[in-house]
Amino acid sequence: MPAHIRKTVVASLCLALCADLAQAAVYTDAKHLPSASYDFVIVGAGTAGNVLASRLTEEGKYSVLVIEAGVTNEGVRNVEVPFLAPQNLPNSSVTWNYTTVPQTFLNDRYIGYTRGRLLGGSSSINFLGWTRGSNEEYDRWANLTGDEGWAWNNLAPYYFKTSHLAPSADHHDPEGQANLTNFGNGPLAVSLPGFPTELDPLVINTTHTNPEFPFALDVNAGDSIGIGYIQSTIGNGARCSSAIGYLSPALGRQNLDVLIHNTVTRLISTGPDQGKPTFKTVEFSTGPTATRHTVSAKREVILSAGSVGTPQILMLSGIGSKTSLSKVGIKSTVDLPDVGQNLHDHPILSNYWTVTSNETYDDIIRNATNFNRTLAQWQQTRTGLFTNSPLNTLGFLRIPGNDSIWKNFTDPSAGPESGHFEFLFGNGYNPAPVPATGNYLTIGTAIVSPHSVGQITLASNDPFAFPLIDPAFFSSPFDQLAMLYAIKAARRFAETAPWDGFVIERFGPVGTAETDEEIMAAARGAARSIYHPTSTARMSPLNATWGVTDPQLRVKHVSGLRIVDASTFPSIPAVHPQAAVYTLAERAADLIKAAWA
Ligand SMILES: Cc1cc2nc3c(=O)[nH]c(=O)nc-3n(C[C@H](O)[C@H](O)[C@H](O)COP(=O)(O)OP(=O)(O)OC[C@H]3O[C@@H](n4cnc5c(N)ncnc54)[C@H](O)[C@@H]3O)c2cc1C
Ligand SMILES: *[C@@H]1O[C@H](CO)[C@@H](O)[C@H](O)[C@H]1NC(C)=O
Ligand SMILES: *[C@@H]1O[C@H](CO)[C@@H](O)[C@H](O)[C@H]1NC(C)=O
Ligand SMILES: *[C@@H]1O[C@H](CO)[C@@H](O)[C@H](O)[C@H]1NC(C)=O
Ligand SMILES: *[C@@H]1O[C@H](CO)[C@@H](O)[C@H](O)[C@H]1NC(C)=O
Ligand SMILES: *[C@@H]1O[C@H](CO)[C@@H](O)[C@H](O)[C@H]1NC(C)=O
Ligand SMILES: *[C@@H]1O[C@H](CO)[C@@H](O)[C@H](O)[C@H]1NC(C)=O
Ligand SMILES: *[C@@H]1O[C@H](CO)[C@@H](O)[C@H](O)[C@H]1NC(C)=O
Ligand SMILES: *[C@@H]1O[C@H](CO)[C@@H](O)[C@H](O)[C@H]1NC(C)=O
Ligand SMILES: *[C@@H]1O[C@H](CO)[C@@H](O)[C@H](O)[C@H]1NC(C)=O
Ligand SMILES: *[C@@H]1O[C@H](CO)[C@@H](O)[C@H](O)[C@H]1NC(C)=O
Ligand SMILES: *[C@@H]1O[C@H](CO)[C@@H](O)[C@H](O)[C@H]1NC(C)=O
């Protein structure tokens, strides 16, 4: 063999070996799995699934297999670079490319409903915001489930177990930008923005001059109302997902195997256990026409496939509403009508202004020279704009108690320390595509305490067909009126001092709408999902006839099956949900360990 070819062969052999060693326990082919039976089989290596994979294997007592439909998280640029997270949307090699059914109250539009389809799940593609939710959110969970274990005080140790305050990429002093006593010592890196923008002092100064918009030192310390600096799951300038924080450090363990590229198609009922059907066999495959394989759990199967995947797998397994399953030719083994119901999500839209500044990120995103320079800086030194999440500041606010909206609607929030709507501040045009010219300010307005309730149902009994996703955005007029309130509040925010000389004028269809009717019409044309679906397999009290799991997250009327992910939330928190998912999963790990102790 000529020397240059021999060298290439050796080099690629080494590459293959090194890749193998780095991922000793990650398999792509079911045939190579060392076992057909594990103590626990976790479906979905997502946000919650990886917490369980790590915690259930840490003592070495149990064997665990995680089955993930998606790909590895390693080496995916737009996953690693925090600022480029939006570039995975709506469809990319690391996503489930879902869309909603036509949204009746949004001019019959189909809305993108992307979820992460890779190790880390949606924590690998989300916008990294770390917001815990108010104390009232968790106390409401305790109330809705009849289990004090979900209350704020009792969950706090689990919250602190998830994460720690990491240095920002620019190593600035975090004092005054967060409550430094309110951080724990868990594996996730959480940090303040790593690169200041000109917007930050404008936003913060407004909170000091306009009492309608109070400053919040830290929305994660109990009271979530107010505007301040965002905390993000970023460490060393790069994304810290559940794959980075929880799964990677556990991959060397002998008792953990991970199978990627394989979609779970259903759970198979394996006969009764104490009068209840058991679902301890998991069926999966690499594609619609590929061989179906099975693996079994000695103790439990745990569904962590997320708010879309979990109800879909339940229904494919015959766990769901008997009548709706019969419509797609599935025999219901367990009649649980709440499966797929109670879908809650936060609608969002962008409010734009043109600005006098030429330092917004518009000229970086649309100009390849600037983009490449900023990316090179990130690659070489992990500094600069690309170490930031897409926003540096945000805030949660309430519609005042004397507003006329309360004549017609009850308050959907968990209490006075929980928001009705949110502001998200972008120092440029968001979302893409950025217009060819101009510099922009974006204030995203989101309804975080929605009254609208949607559902997920099966389109067919084909496990590779997308389910029908209907968040029913704006189906409650409350959500429309709350959005109107939020848009007008954003205008009050950005069209007063200290913004004079910065803001030029409102821009776009929402921006140029003037009357309430015009603003609402524009909102119906612009609202989309902020990607926070929850509660499609919600928890309820032990003997409640509604709900899908009990407060210990065990599926009702079934043996050997638990759910641990955002689908079990009894109500949607009025914040970005990933911190609540991690916290729930940390408690779930202890519940599972206690059940088998
Ligand atoms: C674009 C985007 C931006 C977001 N921004 C933020 C933010 O800034 N802050 C925040 O707090 N939250 C944010 N969120 C929401 C947050 O990321 C989610 O609420 C959270 O990650 C959900 O965790 P989970 O464990 O329930 O599901 P996921 O993390 O989605 O995990 C589910 C896993 O199961 C896998 N799976 C599904 N079906 C199957 C199957 N049949 N077989 C095998 N595997 C399967 C999936 O591929 C995935 O890996 C965002 C979400 C998105 C999509
Ligand atoms: C999602 O869309 C992207 C871009 O078109 C594609 O590469 C990817 O394969 C799609 N994902 C799935 C699961 O079909
Ligand atoms: C994303 O993929 C879905 C499913 O294939 C498709 O319906 C949708 O049009 C795609 N969106 C874009 C913007 O390409
Ligand atoms: C929940 O709160 C309501 C109203 O305060 C109360 O009536 C109910 O008993 C509470 N339920 C539980 C399980 O604590
Ligand atoms: C920080 O948070 C703790 C609760 O975690 C609270 O007791 C304390 O008052 C907060 N400090 C400030 C300065 O807000
Ligand atoms: C914000 O307020 C501080 C203190 O009053 C002032 O020094 C600074 O110039 C202001 N910044 C902006 C951008 O308005
Ligand atoms: C931005 O504007 C300032 C003057 O306002 C000018 O000095 C500077 O060169 C401009 N920068 C760019 C990148 O256009
Ligand atoms: C892109 O930015 C560079 C400066 O960084 C500038 O020289 C170039 O003209 C810009 N290109 C376009 C198309 O605006
Ligand atoms: C930017 O980088 C990409 C990828 O490396 C390259 O294809 C492109 O030519 C570069 N563009 C400029 C203007 O430097
Ligand atoms: C509500 O109360 C505030 C403060 O007292 C007042 O400024 C505002 O005008 C009132 N709004 C309505 C709709 O009555
Ligand atoms: C409340 O409902 C009544 C009757 O439907 C309607 O006339 C009124 O405009 C509504 N008020 C608000 C603030 O939505
Ligand atoms: C639930 O039902 C079981 C069996 O009927 C009973 O023993 C238990 O006390 C009930 N628990 C609650 C919280 O009502």
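Just follow the structure's listing: the first ligand is 1, and inside any ligand the first atom is 1. What you see below is based on every heavy atom in this structure, not just the backbone, and it leaves out hydrogens, waters and symmetry mates.
- Within 6.0 Å of CZ in F464 there are more than 12 heavy atoms belonging to other residues, nucleotides or ligands.
- Atom 12 (C) of ligand 12 has N543 ND2, 3.4 Å as its closest protein atom, hydrogens excluded (heavy atom only).
- The protein non-hydrogen atom at the shortest distance from atom 5 (O) of ligand 2 is N91 CB, 4.3 Å.
- For atom 2 (O) of ligand 2, the nearest protein heavy atom lies under 4.0 Å away.
- When only interatomic distances are considered, the shortest N/O to N/O separation between R117 and ligand 2 does not fall below 3.5 Å.
- Comment: K556 does not engage D550 in a salt bridge, judged by the lack of any side-chain N to carboxylate O separation of less than 4.0 angstrom.
- By the 4.0 Å N-to-carboxylate-O rule, E300 lies too far from K280 to be salt-bridged with it.
- The atoms of ligand 6 that sit less than 4.0 Å from any heavy atom of L202 are 13 (C).
- Atom 11 (N) of ligand 2 has N97 ND2, 3.1 Å as its closest protein atom, hydrogens excluded (heavy atom only).
- Salt-bridge check for R506 with E495: passed, with a basic side-chain N closer than 4.0 Å to an acidic carboxylate O.
- The presence of a protein heavy atom under 4.0 Å from atom 9 (O) of ligand 12 is ruled out.
- D147 and R587 are joined by a salt bridge, as a carboxylate oxygen and a charged side-chain nitrogen come within less than 4.0 angstrom of each other.
- Across all their heavy atoms, T28 and L259 have their closest contact at C-CD1, 3.8 Å.
- For atom 14 (O) of ligand 12, the protein comes within 4.0 Å by at least one heavy atom.
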